[in-house]
A.B. asks: 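Before we start, here is the structure in question, set down as structure tokens.
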Amino acid sequence: MSYAYLFKYIIIGDTGVGKSCLLLQFTDKRFQPVHDLTIGVEFGARMINIDGKQIKLQIWDTAGQESFRSITRSYYRGAAGALLVYDITRRDTFNHLTTWLEDARQHSSSNMVIMLIGNKSDLEARRDVKKEEGEAFAREHGLIFMETSAKTAANVEEAFINTAKEIYQKIQEGVFDINNEANGIKLGPQHSPTNPTLPSQGGGQQGGGGCC
Amino acid sequence: MLSKTKNWLGSGQGKPKNVHSLEHLRYLYQVLIRNSVVTEQNRGLLVETVRSMSEILIWGDQNDSSVFDFFLEKNMLLFFLKILRQKTGRYICVQLLQTLNILFENIRNETSLYYLLSNNHVNSIIEHRFDFSDEEVLAYYISFLKTLSFKLNVHTIHFFYNEHTNDFALYTEAIKFFNHPESMVRIAVRTLTLNVYKVNDNAMLMYIRNKTAVPYFSNLVWFIGNHVLELDSCVRNDIDHQSRNRLSSLVAEHLDHLHYVNDILNLRIEALNDVLTDHLLNRLLIPLYVDSLTKERSFGLAEDPPHISSVVSLFLLSQVFLILDHPPLVSNLAGIFFHGNEAFLAQQPTDISGIEQGRNGTRATAVEGEDSNHCDNLLNVQYRGFVKPQESLERSLESNRERGSTPQPRKRPNYRNVDSPTDEVEGEGGFFADDHETHEQDRGQDVGEAGKEEGSPKDEIQDPGDKPVAIASVDEIQSPAGMNCTDEEKTSAVYEARQSELQLSRRPYLQAIINALDASTGDYRTLISLCLLYAMGTNEGIKQDLLVSVCLTTRSEDKTSYSRVLVNCLIAIIGHSCQFNSRIRPVTLEMSSLLLKQLVYSSETNRCFLEDKHLASIEGAKEESMLLLRNFYRGDELFLDMFDDEYQSMMTRPLNVEYLMMDESIILPPTGTPLTGIDFIKRLPSGELERTRRAIRVFFLLRNLSLTLRHEPETKLPLASQDQIVKASDKLDLNNSDLIACTVLMKDKSPQRVRRFLVIDNHQLILVEPDSKKLGWGVARFVGPLQDLEVTGDKDDSRSLHVTIHKRMTTSPHAKPIPLLAARFQFDDHIRCMAAKQRLTKGRQRVRQAKTADIAALLEIPSPASPTSPAPPYPSLGAAHPGSARPVSQQTGRGFSLGDSSSAVQRAVAPIAQVIGARRGLFSSANRRHSDPQTKGQPQASTQGQETKGATGSGTAKSKPKPLSGSPSHNTPKTRWARPRKTVTGSPEVEEAKDAMSPSAFGTPPIASQESFPIQLDFDSSSSGNVAAAADSDDDDNTYQPMSELDTDQSTLPPTLSKSKAPPLTLIPSSDSAGGNVESPKLLPPASEERVRSFSSTSSDSAKTSGPTSLPLVSPFAVKSPATIDVNPISASADTSETTPIESAQASLSRLSQSWKDLEPDQMELKQIRQGSQESDDGQIEPDLLDLGKTEGETQMAPADVEDKDSSSSASETSRQGPDWVSISDRDSLLDTRLSMNEDPKGSLSDPHQVPQGVPSLDESLQNMVQAQMHSLATSDDSSPSPPGEIV
């Protein structure tokens, strides 16, 4: 399917906070959350609509690449948005946010939109990090904040889409240089669907899942 | 979806209800079987089937192993492959890739994984030609490969790498995308390669090295090089900073490359590293980067090899040295810098295997050459060069593969390196040593790859050919270095000689770097060159010997042999930075300072190896920076805020060179406009405010440098000493301190009401909660600086205050500035509310004024006075008083330099007159302006120069004998006060004049002005009285003549002076005291200064009310003040003789007191101050400090005797405080007393110059004040140096 913009996201955070599950949950709704099944992916894409514009989100999980500095910094730089995820049932993952954020700020373009996500909000009984703490951290560092559950899909949609809206707004404000692909933003083959087979192909193969 | 598929199926097998079950998988399998041919119609069904399978499989992996068994049993991967290979397979390839991704990503059971991989289907899928023009397909495909690479280990590697067929599809397919335009794809490829290299499997690594390393690395290097050329052209065409976005990403891209290379090198796979190092050095770093250092070529000429501008080259090389630390690589590179020359570069034959055309032919000739001269014969071929690889990576891989499949008869000699221990390479002494090895290897490689006709025999022949060449050149280069480094020892002369020898001619690259340091026309290249030197100096991969061979002593313990040439350059940069319109950016100065410290200062042994003359230059620069800053000094709030902010930002965000080198803005010519968005420190200042900020920054940097080099601790910064700061959850003794109960309502979030007690400390607002365990104690729940406080009343609620404490430094520029505290304080009633507001406001003011005074002290500006309300001019008075003006006139000149206009002088005069009783101020001013016209002119013209001169020579400027100055009691106060000035100016008078003038010009806070006024007046009067007699001896005049001054002054005194009586009071008690140390009141720290922790007596208000008892002592003197005039001469003499003279003086004072009531106090005080200042001026700096400390203690004793209460403790306290505190404190106390006299409910700070209501009342209040202060001082348990801030 053709799109007006393509935004590249990365997902960062400690291992085990549910990054890849969030990713799959958002990019492919065909995978219904089930209590005895956790599936994650390292890459996913999905089309959303903002302001009547088709926007494609491409999300790359950076899991497991921490040992290579070149990789992490490249990822950061190539993304327009980042989801910084911690696990509300594990305080250490929250404590590590500062490091993650520092890294992200350092390596990313200054315009990168970062959303803070407290994942596993379904596990209220085991909550270890108060929502207020997450809010305070986000406020202090200028992030958007949301608590989500990849299990129940609560807020997952919103998390990604709000981030996209923020990026879109920045584009409208001219903050992003959309001609510079290093920002993680790409202009789509807009008004000229030069390759008509591609759209149909994409739509057809994905079925109704919305993963395109 | 699922329901739809059901309909389509319509067959007998119903879909199981449980989606996650073996049955469902069976069912899906059936679907696959039935739809083995993909068509337009069934593709939707197939997509969903394949998707469901991944779900079930993962579920099975986590819950039911039989599911996986079934999948393997039916060999479903083969199905996938079959589907893919159909023409219509592309319809569902994305889904297949996703399923495979999910499968390999989520699978936890190792056995299952092995089974999945075991049948080679995965490799077939990897090799399948997908339609990569579809970015989605490519993204899934590359993710799939990446996912697989994460599963690699010594066991699984064999599923991918086939040792027998030399197949490694996962790797070879992936690296074909190494230069894909999509960055995420490139990253995935790099991740994969690193994951592959990481697997410790020799056979695989050997394959990588022999079959793929050369093609891959040569192409990678070429790819990097092209980015660099792009970057260079971007810089060259972007003088106006128009395309910084693009430049930024290019710079980041280059960093990415370097980090990637570094990640590979850090895996320590020597076989790979050698190839990579060789290619980097010979194909990129040397021919493109290094060679560009010395050449400014005409670009665009086809025959010219590509080059980059030297700035870009410096910048990129800095990055290289900051990031890479692979010893063979960086040592070689550094070696070329230090000892190489262009001829060498041109001649050094390179051996880039498999890349260069025609190498076979030239090799043959090379064989004959036995020494370096023969290189000339090789001209065409074997140079280092930035050359495009002969064939594309893909083609190389293809051909390799073909060859790999055919049996290879020949054994490659270069294999040995794979197994050889790493130290073989690193252990070699010569920096080129490893080159030989690489050459050999590459040569072998060459032969293997490039031509079949080139057999192994040739290989052997070539080796001797190349080797000698390399060795010869190495020797040639090394010899000078050896001579230079090893022989000489110690004497600086030798070093100088060596250095001059070191530099230049024979080291063109080093010379180019050092030449770039020249900052006389700007610091564009300077900064980057500094970074490069820093980066080389700190690079762990470069052997220390190599650094020392060119006197880069950054990492050595013994830094005696530091490079004089370099240090001279650095000092020149530092010197440039202190000039008025300097073109040196703050960051450049900071880099210079950093580098200098590294070169000459060993932080481990705290030893500074800098020669005296160099150290003196640094000190001189420091003084100059202070003078520079004084030009910008203002006593206003803005200046204070800037001062604080600059300090904080310097402390909290120290320069990080690595971050600096990520910033593309520094490779563009420096600009001044903030519109570019360039960080302040990385550009030139724009406008007056930024020039001020810059001056502040320069001052801090040089102060820090000077202190570091002299190994002295910083004692004056930050302005509010940290040990006084209360932290949240501290427990505080609140007994007898002022507490105001209030309810705090936070504004930000859910309104929470908490009951707290408001405490106002010296620096902080504290909200405390009573301590449940200790009566009278409290726990601080919130602490915020008063300085950044904002208080407003509530229109609707007279009991409420809105209190905001702003946050100074945000943690990141992205964060929104959130105030530290935003709350409404609700008090019990209106009165308390008002009281609280007043205290808060006053506290804020007090802190700020104190800090401003601190700054002035730091800058050695005798606290400048600026009255808030303009004082009426007293021209007649000035005219009437024709004093002797000689020294004064000079002063005026100085004053002008600050204020820079004669009008400024006038303005300055007016306030002074008002405060003191116009006569003196006017006289002094009059003297300056009128009586000595000739002097006036000259100083004005030469102010700047004089100042600087004075600054450098300050230490020794004047030596006024102390005996002359008079009794210690009188002297001490002044010394403290004036001490800060000493360093700056050569002569005391000059400084004083400056002080006097400056306030008016700049509008300094009132308190400061008060202080300065009296002092200045004294000087003036003294000078006026004496000048006639002693024209030239400034110092002498001052000390002796207080009396005469006073007389003359008195005659002219206007009635307005009455207010200033308070000071004399303070003087008198001190004189009474037998010890002869008079100044007691001044020394006392202001009541308000008591520390928070001992809240016993809090603010000056309380102090006033509290201390009635001590009054009698003070009051009589106040009344007697007129007598002081007569007495003064006596007292001066008495100082030496001790008590008796003082007593007599007192008597005389009492006599006169009645008549001179009004005037006296001022005079007394003035005199006292003056003397103190004189003395201080006289003394040398260092000794003075000690003396001050001592005298302080003594002086304190006097009041103690009189009052005989707790004062002794206070005295000891003060003495302990040391000089820093003293200098400020007495000034403060003085001010404080005045303030209290004024009885201004708001703290009198705002309007110190008000005329007091009635003399007696003033006296009383003053006395109260004094006593209260003393009391508080005595009682306060720990010796908090009452921060100067209090009063001001």
A.B. asks: Among A:Asp61, A:Thr38, A:Ile10, which residue has the highest count of heavy-atom pairs closer than 4.5 Å to chain B?
C.D. replies: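 When all of A:Asp61, A:Thr38, A:Ile10 are compared, A:Thr38 has the most.
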A.B. asks: Less than 4.5 Å to any heavy atom of chain A: does that hold for the side chain of B:Leu258, its backbone, both, or neither?
C.D. replies: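 Neither part.
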A.B. asks: Name the member of A:Glu135, A:Gln58, A:Arg73, A:Glu102 that forms the most heavy-atom pairs with chain B at distances under 4.5 Å.
C.D. replies: A:Arg73
A.B. asks: Measure from NZ or CZ of B:Arg51 to the centre of the six-membered ring of A:Phe31, then state whether that distance is under 6.0 Å and the direction lies within 45° of the axis.
C.D. replies: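 Because its charged atom sits under 6.0 Å from the ring centre and within 45° of the axis, B:Arg51 does stack over A:Phe31.
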A.B. asks: Determine the option with the most heavy-atom pairs under 4.5 angstrom with chain A, choosing from B:Val261, B:Asn262, B:Ile58, B:Leu194.
C.D. replies: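 Going by pairs under 4.5 Å, I would pick B:Leu194.
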A.B. asks: Using heavy-atom distances under 4.5 Å, tell me whether B:Tyr260 contacts chain A through its side chain, its backbone, both, or neither.
C.D. replies: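 For B:Tyr260, backbone and side chain are both near chain A.
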A.B. asks: Heavy-atom pairs under 4.5 Å with chain B: which of A:Ile39, A:Ile114, A:Leu101 has the most?
C.D. replies: A:Ile39
A.B. asks: For B:Leu28 and B:Glu55, run side-chain contact (heavy atoms from CB on, under 4.5 Å): C-alpha distance rounded to whole Å, both residues' side-chain angles, the deciding distance at 0.1 Å, then the answer.
C.D. replies: CA-CA 12 Å; B:Leu28 293 174; B:Glu55 209 173 60; over 6 Å; no
A.B. asks: Do you know which of B:Ile323, B:Asp61, B:Leu46, B:Leu255 has the most heavy-atom pairs with chain A at a distance under 4.5 angstrom?
C.D. replies: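 So the answer, after comparing B:Ile323, B:Asp61, B:Leu46, B:Leu255, is B:Leu255.
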A.B. asks: How long is the span from the CD1 atom in B:Ile83 to the CD1 atom in B:Ile92, to the nearest 0.5 Å?
C.D. replies: 4.5 Å
A.B. asks: For chain A, which candidate among B:Arg190, B:Met662, B:Arg246, B:Lys146 shows the most heavy-atom pairs at distances under 4.5 Å?
C.D. replies: B:Lys146
A.B. asks: Going by the salt bridge (Lys or Arg N to Asp or Glu O under 4.0 Å) test, name the single residue among A:Lys120, A:Lys131, A:Arg127, A:Lys130 that passes it with A:Glu147.
C.D. replies: A:Arg127
A.B. asks: Would you say the side chains of B:Gln98 and B:Gln95 form a donor-acceptor pair under 3.5 Å?
C.D. replies: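 Side-chain D/A pair, B:Gln98 to B:Gln95: present.
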A.B. asks: Identify which part of A:Ser20 has an atom lying under 4.5 Å from any heavy atom of chain B, answering side chain, backbone, both or neither.
C.D. replies: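 Answer is side chain: those atoms of A:Ser20 sit under 4.5 Å from chain B.
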A.B. asks: Looking at the rings of B:Tyr140 and B:Phe130, which for Trp means the six-membered one, are their centres under 6.0 Å apart?
C.D. replies: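 Here the rings of B:Phe130 and B:Tyr140 have centres that are no less than 6.0 Å from each other.
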A.B. asks: How about NZ on A:Lys165, more than 12 heavy atoms from neighbouring residues, nucleotides or ligands closer than 6.0 Å, or not?
C.D. replies: no
A.B. asks: So what's closer than 4.5 Å to chain A heavy atoms on B:Leu267: side chain, backbone, both or neither?
C.D. replies: side chain
A.B. asks: What residue, out of B:Trp59, B:Tyr659, B:Phe104, has the most heavy-atom pairs lying under 4.5 Å from chain A?
C.D. replies: B:Tyr659
A.B. asks: Heavy-atom distances under 4.5 Å only: say whether B:Glu253 touches chain A with side chain, backbone, both or neither.
C.D. replies: both
A.B. asks: Considering all heavy atoms of both residues, which atom of B:Ser249 and which atom of A:Arg77 are nearest to each other, and what is their separation?
C.D. replies: O-NH1, 4.0 Å
A.B. asks: Using a 4.5 Å cut-off on heavy atoms from C-beta on, say whether the side chain of A:Ile50 contacts that of A:Tyr5.
C.D. replies: no
A.B. asks: Do you know which of B:Met184, B:Gln62, B:Glu40 has the most heavy-atom pairs with chain A at a distance under 4.5 angstrom?
C.D. replies: B:Met184
A.B. asks: Counting heavy-atom pairs under 4.5 Å to chain A, which of B:Thr191, B:Asn101, B:Asn63 comes out on top?
C.D. replies: B:Thr191
